[in-house]
Amino acid sequence: MKLLGITIGQCSGCALFHDNKIIFAASEERYSGEKSDESYPLNSINAALKYCKIHADEIDRVLVGGYSIPPITVLLRMYSKFSVNDHLIAMEKYWLPKLSGKKYPNLLSLFSDKISYEKFPFDSSEFKTSNILNIDHHDFTDDKINEVSNFFKKVISSHLGIDESKIIHMEHHLCHAAYAFYGSPIRDDKTLIFTADAWGDHLSATISYFDKKNQKIVRLREYSDKNFQLARIYRYTTLYMKMLPDEHEYKVMGLAPYNDDQPKIAQVEKVFQSMQSLDGLEFRFNSSIKNIFSYLEENLRQFRFDQIASGLQSFTEKILTQWIQNVISEYGSKTIVFSGGISMNVKANMKISQLHDVEKLFICGGGGDQSLSMGSCYAYSESQKIIPKSLENLYLGDSCVYSDNDLKKISGKYNIFTFENTDQLLKRILDGKIIATCLGRTEMGPRALCNRSILADPTKRENIEIINRKIKNRDFWMPFAPVILHEFQDQLLENPKKIESPHMTIGFDTIKGKERIPAAVHQYDGTARPLILKKETNPLVWELINKFHDKTGIPALLNTSFNLHGKPIVNSFLDALHVFENSGLDVLWLDKHIIEKS
């Protein structure tokens with residue numbers, strides 16, 4: 001069976017599933033160069049079919065992640081093009097009057113300059129004959145849902161040249177749950193499966209378990225987006241702090257440890273506790289609050305930015321861990337998987353991993369909506385009595401392809417060497433060089449897992465400033481991360497349960513991290529968000545780190561994503577070369593060559 005999963009919305013993309021496993025997955029942003037690109041994933045679909053040598057008419061089903069696709073979000077490019085100021089204008093001129101029951105403008109007229117009518121599919125006949133311009137933002141009555149669905153089915157049918165009957169939707173949180181479980185290596189009976197995000201088909205969270213006898217996921221409980229609004233609280237607090245919502249929540253999380261004034265944290269927590277509460281397994285949201293952003297403006301104004309960040313993160317960690325503990329107590333299982341946008345909060349995941357009753361935990365990479373395409377394939381295959389194979393790794397995108405002619409064009413500018421062994425890279429790292437990698441297939445998701453990474457010596461704290469100055473330009477409080485050898489993790493990480501983290505989805509306390517790998521831990525609390533690397537996952541990089549370990553006694557390197565600030569992680573050789581040429585990177589490591597600046 002050949003399945004094509006499609007995500008349309010935040011970080012649109014696709015996945016190809018063949019027989020019993022995912023064979024390709026990528027986000028549209030990697031091809032467009034626009035971070036969080038919500039466009040119809042034309043380029044990634046074409047790339048998937050080309051890479052896998054599959055013709056569109058061979059596909060048995062096209063699976064769209066979610067029933068309710070907000071067309072206005074896609075049309076206005078709200079994830080990739082909106083600035084903080086645009087979101088503030090939307091709050092003032094659209095959401096405030098709408099939530100107050102007053103007359104409000106159409107979002108399309110308010111941001112008409114954002115619309116790209118020349119971009120597919122808005123340049124198509126399907127769009128010109130549709131009525132979706134008249135659908136209000138988040139107007140999800142059944143007839144509107146069907147209207148948008150019919151439009152995208154026509155678009156997909158036209159693009160792929162297939163019959164519309166092959167195209168179906170898969171429920172949003174079922175996709176998250178299926179990815180959480182089937183993407184993981186865990187196959188234990190009664191495994192508890194949690195999903196949590198801001199919104200998806202009128203839900204914001206679910207609890208399920210895996211029924212091993214019948215080989216299927218069984219939903220135990222679901223939470224309406226009216227009752228579970230944890231992600232929205234985090235989103236709007238991010239905007240209140242003048243950071244980009246749906247994008248910079250990780251910056252708020254990174255800022256949180258810098259304030260440890262416990263009385264102030266408790267005061268800020270009370271604001272959030274007045275909004276969202278948990279009673280046993282039931283979440284309740286304060287129904288008197290009609291506008292979350294306005295409520296935050298009114299109640300957080302007396303607190304400093306770092307106090308707000310720490311209070312929000314503490315509140316989030318406490319309510320999530322209490323929820324999971326309550327579910328474990330109710331249903332008995334101590335094996336957990338987790339997906340959805342909230343699963344990308346690595347510090348909350350750290351607290352979950354430390355719960356006494358959690359024995360096994362796995363969190364797949366890219367748990368936000370970018371993985372709905374994979375989840376839809378898993379969910380559908382389960383319905384067809386196919387037992388999906390877990391992900392071996394997330395190297396699921398295009399390969400780094402280049403020619404001798406490509407190298408010839410730049411041979412006068414740089415030193416080019418044939419790659420012979422990892423000793424060549426080890427020497428350069430020990431000499432203080434900053435190395436970028438463009439090796440093999442690119443990673444799926446928002447984390448660089450060493451195939452499209454920047455690597456450096458983690459023992460030199462000055463590498464933080466060097467990398468930021470040369471390429472990353474990150475906010476001063478944001479940490480870099482380590483890649484640590486699985487076999488030697490006990491030297492650097494507090495991980496008594498031996499929880500796997502091959503996708504950089506869980507935070508860990510470190511063992512003298514600020515002393516031993518100061519460039520690759522959080523500068524205040526010394527925690528790390530590591531890639532715990534097994535040899536079979538990436539043998540070459542594992543070998544390089546192992547040699548670094550032999551020389552220095554440190555089984556780790558600094559690992560951060562290979563991209564310019566505000567841009568997606570590089571995809572192709574030409575992307576990598578562009579960043580290399582427009583930054584202060586010293587070395588570019590390719591499959592067969594090493595490019596070095598003089």
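Keep in mind that this is a model prediction, so the values were computed, not measured.
Of the possible polar contacts, one joining the T437 side chain to the C450 backbone as a donor-acceptor pair under 3.5 Å is found. With T537 contributing its side chain and L533 its backbone, the two residues share no donor-acceptor pair below 3.5 Å. At least one donor-acceptor pair closer than 3.5 Å links the side chain of N349 to the backbone N or O of T505. Remark: side-chain polar atoms of S314 are not paired, donor with acceptor, to backbone N or O of S310 under 3.5 angstrom. Without hydrogens or angle criteria, T527 side chain to D509 main chain gives no donor-acceptor distance under 3.5 Å. Checked by atom type and distance alone, the side chain of T73 never pairs as donor or acceptor with a backbone atom of M78 at under 3.5 Å. R441 contributes a side-chain N or O that, together with a main-chain N or O of L396, makes up a donor-acceptor pair within less than 3.5 Å.
Between I435 atom CD1 and L557 atom CG the span is 8.5 Å, to the nearest 0.5 Å.
Every residue two or more places apart in sequence or in another chain that forms a salt bridge (charged side-chain N to carboxylate O under 4.0 Å, His left out) with E543 is listed here: K547. Here F181 pairs with F210 under the ring-ring contact (aromatic ring centres under 6.0 Å, His included) rule; sequence neighbours left out. For F417, there are no ring-ring contact (aromatic ring centres under 6.0 Å, His included) partners two or more places apart in sequence or in a different chain. Applying the side chain to side chain donor-acceptor pair (under 3.5 Å) criterion to D586, with sequence neighbours excluded, gives K470. Partners of T552 under the side chain to side chain contact (heavy atoms under 4.5 Å, CB included) rule, at least two apart in sequence or in another chain, are L430, F548, I554. F315 is linked by a ring-ring contact (aromatic ring centres under 6.0 Å, His included) to F272, counting only residues two or more places apart in sequence or in another chain. The side chain to side chain contact (heavy atoms under 4.5 Å, CB included) check on K251 picks up M243, H248, D475, W477, M478, with sequence neighbours excluded. Every residue two or more places apart in sequence or in another chain was checked for a salt bridge (charged side-chain N to carboxylate O under 4.0 Å, His left out) with D19, and none qualifies. Residues passing the ring-ring contact (aromatic ring centres under 6.0 Å, His included) test with Y414, sequence neighbours excluded: F580.
Classification of the F194-F338 ring pair by plane angle, with boundaries at 30° and 60°, yields perpendicular.
A salt bridge does not link D457 with K551: none of the charged nitrogens is closer than 4.0 Å to a carboxylate oxygen. A salt bridge links D490 with K498: the distance from a Lys NZ or Arg NE/NH1/NH2 to an Asp or Glu carboxylate oxygen falls below 4.0 Å. A salt bridge links E34 with R77: the distance from a Lys NZ or Arg NE/NH1/NH2 to an Asp or Glu carboxylate oxygen falls below 4.0 Å. With respect to the salt-bridge test (charged N to carboxylate O, under 4.0 angstrom), the residues E596 and K433 qualify. The existence of a salt bridge linking K427 and D431 is confirmed by a sub-4.0 Å separation between a basic side-chain nitrogen and an acidic carboxylate oxygen. Salt-bridge annotation for R304 and D306: present, with a side-chain N of the basic residue lying under 4.0 Å from a carboxylate O of the acidic one. No salt bridge links K567 with E29; every basic N to acidic carboxylate O contact stays at or beyond 4.0 Å.
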### Message
Set out, in order, the CA-CA distance, both residues' side-chain angles and the distance that settles side-chain hydrogen bond (donor to acceptor under 3.5 Å, both in side chains) for K472 and N563, then state yes or no.
### Response
CA-CA 7 Å; K472 298 295 286 188; N563 61 286; 3.0 Å; yes
### Query
Given the rule in the side-chain hydrogen bond (donor to acceptor under 3.5 Å, both in side chains) test, do S39 and D37 qualify, once you have shown the distances and angles that lead to the verdict?
CA-CA 6 Å; S39 305; D37 194 346; 2.6 Å; yes
### Query
For Y402 and D591, what are the C-alpha separation, side-chain angles and deciding distance, and is it a side-chain hydrogen bond (donor to acceptor under 3.5 Å, both in side chains)?
CA-CA 10 Å; Y402 61 96; D591 288 316; over 6 Å; no
#### Entry: Check against side-chain hydrogen bond (donor to acceptor under 3.5 Å, both in side chains), S403 and N405
CA-CA 5 Å; S403 66; N405 191 48; 5.1 Å; no
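Among S44, S12, S80, the single residue meeting the side chain to side chain donor-acceptor pair (under 3.5 Å) criterion with E28 is S44. The residue from E359, K334, K360 that alone fulfils the side-chain contact (heavy atoms from CB on, under 4.5 Å) condition with D188 is K360.
Identified under the ring-ring contact (aromatic ring centres under 6.0 Å, His included) test for residues 427-476, with sequence neighbours left out: none. Each ring-ring contact (aromatic ring centres under 6.0 Å, His included) pair with one or both residues in residues 494-544, not counting sequence neighbours, appears once here: Y258-H522, Y258-Y524, F362-H503. Within the structure, the ring-ring contact (aromatic ring centres under 6.0 Å, His included) test picks out the following pairs touching residues 9-34 (sequence neighbours left out): F24-Y51.
Other residues, nucleotides and ligands contribute at most 12 non-hydrogen atoms within 6.0 Å of the CD atom of E392. In K242, the NZ atom is crowded: over 12 heavy atoms of neighbouring residues, nucleotides or ligands sit closer than 6.0 Å.
Ring centroid separation for the pair H87 and F82 comes in under the 6.0 Å cut-off.
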